[in-house]
A.B. asks: 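Once you've had a glance at the structure underneath, I'll fire off some questions.
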Amino acid sequence: MPATAPNHGAGGCGKANHRNTPAVSHTAAQARASPSGGGCPSGWRSQRNTARGHVVVRFSPIGSRKHQLPPPAQIRGRRCQQAVVNGGKSWHCLRNISDAHGIQRIAHAAPDNARTCIMASKVITRFAPSPTGFLHIGGARTALFNWLFAKHHGGEMLLRIEDTDRQRSTEEAVNAIIDGLQWLELEWAGEPISQFSRQERHVEVIRQLLESGHAYYCQCTPEELAAMREKAKAEGRPMTYDRRCRELGLCPPHDRPLVVRFKAPREGEIVINDLVQGEVRWQAQALDDLVLMRADGTPTYNLAVVVDDHDMGITHVIRGVDHLTNAARQKMIYEALGWDVPEMAHIPLIHGPDGAKLSKRHGALGVEAYREMGYLPEAMRNYLARLGWSHGDDEIFSTEQLIEWFDLDAVGKSPARFDFAKLESVNGWWMRNIEREKLLARFGEWLPHAPEELREKAEQARQRLADASVRQVFETLLDDLRERAKTLNELLELSWFIFAERPLQPNAKARKILKDDARAMLAALLPRLQALDAWDKDAIEALIRAFAEEQELKLGKVAQPLRAAVTGSNVSPGIFEVMAAMPRDEVLARIADQATGAA
RNA sequence: GCCCCCAUCGUCUAGCGGUCUAGGACGCCGGCCUCUCACGCCGGAAACAGGGGUUCGAGUCCCCUUGGGGGCGCCA
């Protein structure tokens, strides 16, 4: 459904008188306190505007810093760009430091004032994916960082679906994203917000920009623009719009379709103080007059994002570095509108094993693919958090620890490669160490999502698990099984003998073990097992060890054929444990199946 | 091409001027344990991209080179 055609004639056309009235529209949602906003002691506010320093003051709960406060004198000589105040208790210097004055001021600021000022702001982050495909791993990490940051600071994450591209946005993608976030247990506050649904508001803001002389109509066609870019490229000039319509004073109705462009400053520089990237500056001329409204009247991304982030009261924008230049463009729009610019944090992208941007070729699968592969949400969070973020030498983090320790200052600037081997290792740790009940639940949740090749087994396991006695065996052996499984898939494979029905189909290696002499050995052993009174691990083990000794066989020569017969595999938990956990009749029958097979 | 960012073992990283003969983890190799496979334990190989500065002193600060990445849409 196409956008509501805006009333081009309304407002702002014809040589705007450059009133430059900051049209600040306050909705309830924007009633957030800004760290630099009103109510702060003047000393603090001015720090944001230090000519070179741009000291950023943020609040984080007491005790959340891993480093305790360094003495002011050390920092002063170090040219800090960013500093953090911890609930007025301590302060800490961040990276890329470039001005000594700001730091001194921090050092001199009264902690009590800082607390009063900063406590007023509640952290609101947002995850804003465009629903043009599944939730890929990079998006998942962005969501995780937003979520952790918000949680860490006692705030909330919001979810906004950037569905303004009507051609590419799909309902399935929205569902995939929501499913993915839910699987990872990254909850957001309130309902997901559709950016498309806010179109009227966006158009209203465009009108404001037109009226205040910060935007203008442009008649250039896509073809002309493409030609301009070609030409610029050939001449080695930057491929930016040449602003030819800027002073034309075009106005609808017009004989050609018109778009609205932002009237970006022609000189000076745009400076972003990014919480991860540090200070990044652009010459204003490097940024062109971006389109705010398409010829069909629909608003573009950069405009919509600014309006939505503002209206939603977002305090911290955390997204991939691929948005860094957008940050500069967006900052210009904020300023034209007279709005507070939220804090920005542009996190490095995840790369594939070959160092190139992660693509479908690599691991850029949807998160549901990782669920299928049998990874645990807690392991996923753990691994993803460690990709680009660190906390000393720690590798394993519970979600609580993640929330307690996560902050943007420990996020690096360089891209990280996605490494399946490490993910698997982390997942293995969680398989072994997660609470038993939790693992049982995860396994049950996962079964319906098993990959194609395991679908049948998973379904059978699901059904058999409903049988209390089968479940009993599974639970008894769970600790032995989980130790050997790096993923839920492997857990199913390893525990398959519990759910399998007689006669078992031994795998290739098990068949190799079950040669004639092994079958004969089993035939000799069987009656003794049948005669065994007590069916417990110690009794079984004692009997078999005695048998092996008597036959002058190494224990392995008895244990392996037994394992093959009972589990149908060459790999399993300790065979005595397995036999003891399984029903006696079933075990004896399975052995008999293979023993008689020899005859 | 232009703008921006990045650069410690194969990979993820610790390191915020002296404590670095550079630490941890994954992976790899060897060993122990052992009924298989894992787990666990012990040991090993493995890195400050190159060049200039600054400094008494540089992996740590600055510059250049090289190499990687991102951006340059009426996509988001």
Side-chain angles (χ1 to χ4, degrees), chain A residues 67 70 74 78-79 93-95 97 128-132 162-165 167-169 195 218 220-222 225-226 229 232-240 257 259-261 277-278 280-283 286-288 290-296 298 300-302 304-305 320-326 328 346 348-349 351 353 355-357 383 386-396 412-419 421-426 428 432 480 482-486 494 509 513 541 544-545 548 554-560 562-564 567 569-576:
Chain A
H67 300 298
Q74 272 185 17
R78 218 196 279 148
R79 294 164 54 201
C93 177
L94 296 182
R95 75 183 88 238
I97 298 189
S130 55
T132 54
E162 311 228 309
D163 52 357
T164 53
D165 185 337
Q167 255 69 50
R168 299 198 300 150
S169 298
Q195 186 160 63
C218 167
C220 298
T221 63
L225 294 168
R229 275 190 284 272
K233 188 177 180 179
E235 294 171 8
R237 285 184 291 110
M239 295 186 266
T240 48
V259 301
V260 175
R261 281 186 184 272
Q277 300 293 323
V280 188
R281 15 180 102 224
W282 291 262
Q283 291 301 311
L287 275 4
D288 56 3
L290 61 279
V291 171
L292 300 177
M293 187 164 75
R294 303 183 186 93
D296 67 359
T298 59
T300 59
Y301 167 77
N302 276 299
V305 166
V321 261
D322 48 338
H323 285 288
L324 192 59
T325 351
N326 286 330
H346 289 86
L349 268 21
H351 288 186
K357 190 179 178 179
Y383 175 71
R386 271 295 279 118
L387 224 48
W389 172 81
S390 64
H391 182 263
D393 282 340
D394 297 332
E395 297 286 348
I396 298 293
K413 289 206 224 178
S414 43
R417 299 185 190 197
F418 191 85
D419 182 9
K422 181 98 177 205
L423 203 212
E424 194 142 300
S425 157
V426 171
R432 271 174 267 123
D480 292 299
R482 74 202 295 202
E483 197 171 286
R484 293 165 168 79
K486 291 222 186 311
L494 271 164
K509 288 187 175 164
I513 292 166
E541 179 166 358
I544 290 171
R545 282 188 186 277
K554 288 172 79 172
L555 187 55
K557 288 289 179 195
V558 181
Q560 277 300 81
L562 265 178
R563 186 186 323 280
T567 71
S569 168
N570 56 312
V571 174
S572 84
I575 190 61
F576 308 130

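Just so we're on the same page: letters track the sequence lines, and every chain starts at 1.
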A.B. asks: Counting only side-chain heavy atoms from C-beta out, which of B:rC5, B:rU11, B:rG24 sits nearest to A:Asp419?
C.D. replies: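 Selected nucleotide: B:rU11.
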A.B. asks: So A:Cys218, base contact, sugar-phosphate only, or nothing? Heavy-atom distance under 4.0 Å.
C.D. replies: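 The residue A:Cys218 makes no contact with any strand.
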A.B. asks: Testing the basics here: between A:Arg432 and A:Glu483, what is the closest heavy-atom pair and its distance to 0.1 Å?
C.D. replies: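 That would be CG-CA, 3.7 Å.
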A.B. asks: Look at all strands and tell whether A:Gly320 reaches a base, only sugar-phosphate, or nothing, counting heavy atoms closer than 4.0 Å.
C.D. replies: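 Since no nucleic acid heavy atom lies under 4.0 Å of A:Gly320, the category is nothing.
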A.B. asks: So, for A:Ser169 and A:Asp163, which heavy atoms are closest and what is the spacing to 0.1 Å?
C.D. replies: OG-CA, 3.4 Å
A.B. asks: Between B:rU34 and B:rG40, how far apart are the two C1' atoms, rounded to whole Å?
C.D. replies: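 To the nearest whole Å, 12 Å.
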A.B. asks: Measure the distance from CZ on A:Arg229 to P on B:rC2 and round it to the nearest whole Å.
C.D. replies: 18 Å
A.B. asks: Measure the distance from CG on A:Asp288 to C1' on B:rC74 and round it to the nearest whole Å.
C.D. replies: 12 Å
A.B. asks: In terms of side-chain heavy atoms, does A:Thr300 have a donor or acceptor partner in A:Asn302 at a distance below 3.5 Å?
C.D. replies: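 Note: A:Thr300 and A:Asn302 side chains miss the donor-acceptor criterion.
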A.B. asks: What's the gap between B:rU54 and B:rG59 when it is taken at their P atoms, as a whole Å value?
C.D. replies: 16 Å
A.B. asks: Base, sugar-phosphate alone, or nothing: which one does A:Leu349 contact when heavy atoms must sit under 4.0 Å apart?
C.D. replies: sugar-phosphate
A.B. asks: With both distances under 3.5 angstrom, what nucleotide forms a Watson-Crick or G-U wobble pair with B:rA7?
C.D. replies: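 Answer to the pairing question: B:rU66, which forms a Watson-Crick or G-U pair with B:rA7.
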A.B. asks: What's the separation between atom CZ in A:Arg417 and atom CG in A:Leu349, rounded to the nearest 0.5 Å?
C.D. replies: 14.0 Å
A.B. asks: Identify whether any heavy atom of A:Asp165 sits under 4.0 Å from a base atom; if not, whether one sits that close to sugar-phosphate; answer base, sugar-phosphate or nothing.
C.D. replies: sugar-phosphate
A.B. asks: Does A:Ala232 or A:Ser425 map to a spot on RNA chain B nearer the 5' end, using the closest nucleotide for each?
C.D. replies: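 Counting from the 5' end, the first nearest nucleotide belongs to A:Ala232.
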A.B. asks: Does B:rG1 have a Watson-Crick or wobble mate here (both distances under 3.5 Å), and if so which one?
C.D. replies: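 By the stated definition (distances under 3.5 Å), B:rC72 pairs with B:rG1.
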A.B. asks: Between B:rC74, B:rA76, B:rC12, spot the one nearest the side chain of A:His323, thanks.
C.D. replies: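 Taking heavy atoms from C-beta onward, the closest nucleotide is B:rA76.
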A.B. asks: Has the side chain of A:Arg563 got a donor or acceptor atom that lies under 3.5 Å from a matching backbone atom of A:Gly574?
C.D. replies: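 No: the side chain of A:Arg563 does not pair with the backbone of A:Gly574.
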A.B. asks: With a 4.5 Å cut-off on side-chain heavy atoms, are A:Ile544 and A:Leu562 touching?
C.D. replies: yes
A.B. asks: If you take all heavy atoms of A:Ala328 and A:Leu287, which pair is closest and at what distance?
C.D. replies: CB-CD2, 3.9 Å
A.B. asks: In whole Å, what separates the C1' atom of B:rG10 from that of B:rG27?
C.D. replies: 8 Å
A.B. asks: Between B:rC42 and B:rG24, how many Å separate the two P atoms, rounded to a whole number?
C.D. replies: 12 Å
A.B. asks: Between B:rU13, B:rA76, B:rG27, spot the one nearest the side chain of A:Arg386, thanks.
C.D. replies: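 For A:Arg386, the side-chain atoms sit closest to B:rU13.
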A.B. asks: If pairing requires Watson-Crick or G-U wobble contacts with both distances under 3.5 Å, which nucleotide is the partner of B:rC28?
C.D. replies: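 WC or wobble partner is B:rG44.
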A.B. asks: Just checking A:Thr221: base, sugar-phosphate only, or nothing, at a heavy-atom cut-off of under 4.0 Å?
C.D. replies: base
A.B. asks: Choosing from B:rG1, B:rC74, B:rC5, which nucleotide comes nearest the side chain of A:Met239?
C.D. replies: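 Of all the options, the side chain of A:Met239 is nearest to B:rG1.
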A.B. asks: Using the C1' atom on both, measure B:rA49 against B:rG69 and round to a whole Å.
C.D. replies: 16 Å
A.B. asks: Out of B:rA76, B:rC12, B:rU36, which has the shortest distance to the side chain of A:Val571?
C.D. replies: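 For the A:Val571 side chain, the nearest candidate turns out to be B:rU36.
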A.B. asks: Pick the closest RNA chain B nucleotide for A:Leu225 and for A:Lys422 by heavy atoms, then say which residue is nearer the 5' end.
C.D. replies: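 Between the two, 5'-proximity favours A:Lys422.
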A.B. asks: What nucleic acid atoms does A:Arg545 come within less than 4.0 Å of, heavy atoms only: base, sugar-phosphate, or nothing?
C.D. replies: sugar-phosphate
A.B. asks: At under 4.0 Å between heavy atoms, what does A:Ala416 touch on the DNA or RNA strands: base, sugar-phosphate, or nothing?
C.D. replies: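 Sugar-phosphate contact only - A:Ala416 comes under 4.0 Å of backbone atoms but never of a base.
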A.B. asks: Base, sugar-phosphate, or nothing: which does A:Asn326 touch, judged by heavy atoms less than 4.0 Å apart?
C.D. replies: base
A.B. asks: I want to verify a distance call: between B:rC72, B:rA7, B:rA76, whose nearest atom is closest to the A:Ser414 side chain?
C.D. replies: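 The nucleotide sitting nearest to the side chain is B:rA7.
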A.B. asks: So if I take every side-chain heavy atom of A:Tyr301 and compare against B:rG27, B:rA76, B:rU13, which nucleotide ends up nearest?
C.D. replies: B:rA76
A.B. asks: What is the distance from CG of A:Leu290 to C1' of B:rC3, rounded to the nearest Å?
C.D. replies: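 In whole Å, B:rC3 C1' and A:Leu290 CG are 15 Å from each other.
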A.B. asks: A:Glu483 side chain: which of B:rC2, B:rG71, B:rC39 is closest?
C.D. replies: B:rC39
A.B. asks: Specify the separation, in whole Å, of atom NE2 of A:His351 and atom P of B:rC5.
C.D. replies: 16 Å
A.B. asks: When the distance from CD of A:Gln167 to C1' of B:rG73 is rounded to whole Å, what number comes out?
C.D. replies: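 Whole-Å distance recorded here is 14 Å.
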A.B. asks: Check step by step if side chain to side chain contact (heavy atoms under 4.5 Å, CB included) holds for A:Val321 and A:Lys413.
C.D. replies: CA-CA 9 Å; A:Val321 261; A:Lys413 289 206 224 178; over 6 Å; no
A.B. asks: Please give, in whole Å, the distance from B:rG70 P to A:Arg417 CZ?
C.D. replies: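 Going from A:Arg417 (CZ) to B:rG70 (P), I get 12 Å.
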A.B. asks: Considering only atom C1', compute the distance from B:rC9 to B:rU13 and round it to an integer number of Å.
C.D. replies: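 These two C1' atoms come out 11 Å apart once rounded.
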A.B. asks: For a quick check of understanding: with a heavy-atom distance under 4.0 Å over all strands, which category does A:Glu162 fall into, base, sugar-phosphate or nothing?
C.D. replies: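 It contacts sugar-phosphate atoms only.
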A.B. asks: Under 4.0 Å, heavy atoms only, any strand: does A:Arg563 hit a base, just the sugar-phosphate, or nothing?
C.D. replies: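 The answer is base, as A:Arg563 lies within the cut-off (heavy atoms under 4.0 Å) of a base atom.
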A.B. asks: Just checking A:Gly574: base, sugar-phosphate only, or nothing, at a heavy-atom cut-off of under 4.0 Å?
C.D. replies: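 A:Gly574: base contact, heavy atoms under 4.0 Å.
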A.B. asks: Which one, B:rC35, B:rC74, B:rA76, comes nearest to the side chain of A:Pro222?
C.D. replies: B:rC74
A.B. asks: For the pair made of OH in A:Tyr383 and C1' in B:rC26, what is the distance, rounded to whole Å?
C.D. replies: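 Rounded to the whole Å, the gap is 9 Å.
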A.B. asks: Please state the C1' separation for the pair B:rC29 and B:rA22 - nearest whole angstrom.
C.D. replies: 22 Å
A.B. asks: Does B:rC35 pair with anything, Watson-Crick or G-U wobble, both distances under 3.5 Å, and if so, with which nucleotide?
C.D. replies: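 When the pairing criteria are applied, nothing turns out to pair with B:rC35, so the answer is none.
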A.B. asks: Which nucleotide wins on minimum distance to the side chain of A:Arg484, given the candidates B:rC74, B:rA38, B:rG69?
C.D. replies: B:rA38
A.B. asks: Just how far, in rounded Å, is P of B:rC35 from CG of A:Asp480?
C.D. replies: 15 Å
A.B. asks: Can you name the nearest heavy-atom pair linking A:Pro238 to A:Ala232, along with the distance?
C.D. replies: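 Scanning both residues completely, I find the closest heavy atoms to be O-CB, 3.6 Å.
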A.B. asks: Under 4.0 Å, heavy atoms only, any strand: does A:Ile575 hit a base, just the sugar-phosphate, or nothing?
C.D. replies: base
A.B. asks: How far, in whole Å, is B:rG68 from B:rG30 if one measures between their P atoms?
C.D. replies: 35 Å
A.B. asks: Counting only side-chain nitrogens and oxygens, does A:Lys486 get under 4.0 Å of the OP1 or OP2 atom of B:rC39?
C.D. replies: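 Yes, because at least one side-chain N or O of A:Lys486 sits under 4.0 Å from OP1 or OP2 of B:rC39.
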A.B. asks: So what does A:Pro573 hit on the nucleic acid, given a heavy-atom distance under 4.0 Å: a base, only sugar-phosphate, or nothing?
C.D. replies: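 A:Pro573: base contact, heavy atoms under 4.0 Å.
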A.B. asks: For A:Tyr301 and A:Leu290: C-alpha separation, side-chain torsions, deciding distance, then whether side chain to side chain contact (heavy atoms under 4.5 Å, CB included) applies.
C.D. replies: CA-CA 10 Å; A:Tyr301 167 77; A:Leu290 61 279; over 6 Å; no
A.B. asks: Looking at A:Arg432, does any N or O in its side chain come under 4.0 Å of the phosphate oxygens OP1/OP2 on B:rA38?
C.D. replies: no
A.B. asks: Could you please name the partner base of B:rC56, counting Watson-Crick and G-U wobble pairs only when both distances are under 3.5 Å?
C.D. replies: B:rG18
A.B. asks: What nucleic acid atoms does A:Thr325 come within less than 4.0 Å of, heavy atoms only: base, sugar-phosphate, or nothing?
C.D. replies: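 The residue A:Thr325 makes sugar-phosphate contact but no base contact.
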